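The structure presented is a predicted model; accordingly, all values stated were derived computationally and were not measured. Order of the sequence lines sets the chain letters (A, B, ...), proteins ahead of strands, with each chain counted from 1.
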2 protein chains.
Amino acid sequence: MAIITLGTMAFDAIETPFGKIDKIIGGSATYVAYAASHLSQPIQQISIVGNDFPEDEMSELKRRGVELTGVEIVKDKKSFFWSGKYHLDMNTRDTLITDLNVLADFNPIVPEEYQGADFLMLGNLMPSLQINVINQLRNRPKLIVLDTMNFWIESAIDDLKKVLQMVDVLMINDSEARQLSGEFSLVKAARKVMGMGPKFLIIKKGEHGALLFHDDHVFFAPALPLEDVFDPTGAGDTFAGGFIGHLARSKDISFENMKTAIIVGSAMASFCVEKFGPQRLKEITKKDIDIRLKEFVQLVNFDIDLV
Amino acid sequence: MAIITLGTMAFDAIETPFGKIDKIIGGSATYVAYAASHLSQPIQQISIVGNDFPEDEMSELKRRGVELTGVEIVKDKKSFFWSGKYHLDMNTRDTLITDLNVLADFNPIVPEEYQGADFLMLGNLMPSLQINVINQLRNRPKLIVLDTMNFWIESAIDDLKKVLQMVDVLMINDSEARQLSGEFSLVKAARKVMGMGPKFLIIKKGEHGALLFHDDHVFFAPALPLEDVFDPTGAGDTFAGGFIGHLARSKDISFENMKTAIIVGSAMASFCVEKFGPQRLKEITKKDIDIRLKEFVQLVNFDIDLV
């Protein structure tokens with residue numbers, strides 16, 4: 001089943017306690033595409049790049065079933081550029097540079113051949129653009145998943161509240177859930193945020209895993225304890241790609257299947273952080289993913305006889 | 001199977017964002033006893049109290065199968081007193097007062113009738129006293145579990161290293177694991193700490209759950225997402241009591257069964273934080289525990305077909 005993904009395709013410069021890289025492919029849509037395409041195809045990308053985005057990266061994505069008709073190439077501008085430095089705990093980072101470049105004029109157009117897709121992944125981007133894309137779709141997708149961040153909670157809350165009413169699943173991290181709801185308890189925060197629209201809420205806690213809320217139900221997926229987190233850039237987008245990729249592959253958007261989708265997302269994210277940029281996502285095979293998923297089963301599996 | 005517990009019996013004064021209480025029963029051994037006695041009896045307590053420790057608290061413990069022969073009562077002194085205030089996140093707290101009182105002269109004596117116990121739970125206390133108790137046991141228990149804290153890492157590292165070589169399971173929190181090992185990655189920290197003696201290591205992460213390490217294996221138990229954490233005091237000791245109580249009840253100290261024991265410990269801890277002090281541990285029934293354990297199964301249970 002087709003997945004439309006909206007998001008950025010960019011260059012990143014990254015510094016972590018383990019190393020530094022001056023220029024590597026990044027962007028939310030890039031990570032979503034590399035992750036999701038391991039599980040389901042086609043991925044129908046909507047994004048914008050400048051004249052500097054590498055041809056071979058485009059070819060690599062196409063080879064993996066990622067359609068790029070919806071990616072606008074602006075000939076006289078540069079691609080979006082982000083530079084950040086991670087703290088030792090890897091859960092916090094400082095943004096050093098944000099050069100919007102082509103992103104400043106982004107006006108996403110849904111190509112005719114994307115119409116009819118069953119899944120829509122709205123990557124972290126200005127909420128008005130996310131709304132714009134939903135409104136262009138003649139048939140509502142079976143599932144719309146939204147990613148956003150503190151920046152939009154602070155600067156575009158009205159548009160964000162509008163898009164929240166149009167989506168099925170929201171993905172945010174724990175501090176964003178607290179910020180959006182004004183509640184410290186994540187259980188209370190989840191209830192309030194679901195009251196704003198999305199029937200399903202995923203709260204990401206980085207190395208501490210992720211929670212899935214729906215009605216009065218809650219499911220917890222751990223993060224795999226790793227020897228080293230080399231570079232967390234794109235882990236959230238990769239998680240989103242794994243999540244929606246699994247749902248599209250299995251053609252099942254039930255709460256039960258979303259539990260599995262979160263485990264798949266966590267497994268994909270655990271690869272992402274092993275190297276700079278999306279590098280590991282290009283290297284891994286179906287077999288690697290299977291082995292990693294088995295590790296997740298091992299990690300949380302227990303037998304219980306009640307007391 | 002009998003469980004010997006060494007630890008404090010005390011009065012606490014507690015302030016949390018939800019309320020304040022000037023005097024309530026506390027102490028590591030108290031929490032361990034209330035938790036473990038739901039699962040296995042007898043609990044053979046080794047502790048020290050002053051002339052102010054309530055008779056009815058002693059009777060309540062006895063009624064629950066807690067033997068108090070090893071609890072010294074000092075007639076002319078007061079019980080250990082601790083006072084603390086929790087921050088909003090409930091993971092950090094300031095200690096306001098520590099009045100050692102009777103604890104200053106504590107010289108634990110293992111009563112003759114405790115000899116032969118299969119389990120030994122060494123609650124958080126001066127490492128030299130923990131060693132002292134191990135040395136008094138004529139037959140080594142089948143399993144020795146050690147709890148400790150940053151204070152002893154900083155002030156009694158030599159004794160702590162000695163006792164680490166004498167125990168099977170160590171329980172510490174994530175920051176203590178980092179402090180003890182000098183490693184930031186918990187996977188690396190775990191390997192180093194297990195190199196110091198204990199074959200099993202439990203790293204507690206508060207609201208983020210707990211990890212069990214053994215050889216190259218790792219198991220993760222989540223904490224139950226709660227509406228409110230009312231008072232975290234004693235949650236770690238309650239976790240320890242649930243853990244060792246389950247092992248004693250099931251007479252099985254395998255890694256597989258320790259996974260279940262950690263879930264039981266987490267379930268008991270999830271009750272503990274619902275009210276001030278050990279109050280909830282006195283109220284709950286076997287049925288409450290069963291229902292809570294089912295919630296843990298629901299929380300982490302998922303089906304997976306590999307990719």
Pairwise distance [atom1]([X]) to [atom2]([Y]) - rounded to 0.5 angstrom:
X        : Y        : atom1 : atom2 : answer
A/Leu299 : B/Leu212 : CG    : CG    : 10.5 Å
A/His208 : B/Glu207 : NE2   : CD    : 8.0 Å
A/Asp228 : B/Phe184 : CG    : CZ    : 11.0 Å

If one checks every heavy atom of A/Glu183 against chain B at 4.5 Å, the contacting part turns out to be neither
Compare all side-chain heavy atoms of B/Ile262 with those of A/Phe302 and state whether any distance is below 4.5 angstrom. no
Find out whether A/Leu186 and B/Pro225 are in side-chain contact, i.e. whether some heavy atom of one side chain is under 4.5 Å from a heavy atom of the other. no
May I ask you to name which of B/Glu295, B/Glu227, B/Lys259 has the most heavy-atom pairs under 4.5 Å with chain A? B/Glu227
Please classify the contact between [X] and chain A as side chain, backbone, both or neither, with a heavy-atom cut-off of under 4.5 Å.
X        : value
B/Leu226 : backbone
B/Glu256 : neither
B/Asn257 : neither
B/Arg292 : neither
B/Ile263 : side chain
B/Phe220 : both

Would one find more than 12 heavy atoms of other residues, nucleotides or ligands at under 6.0 Å from atom [atom1] of [X]?
X        : atom1 : result
B/Asp216 : CG    : no
A/Lys282 : NZ    : yes
B/Lys142 : NZ    : no

Smallest heavy-atom separation, A/Phe219 atom then B/Asn301 atom, equals CE1-O, 3.5 Å
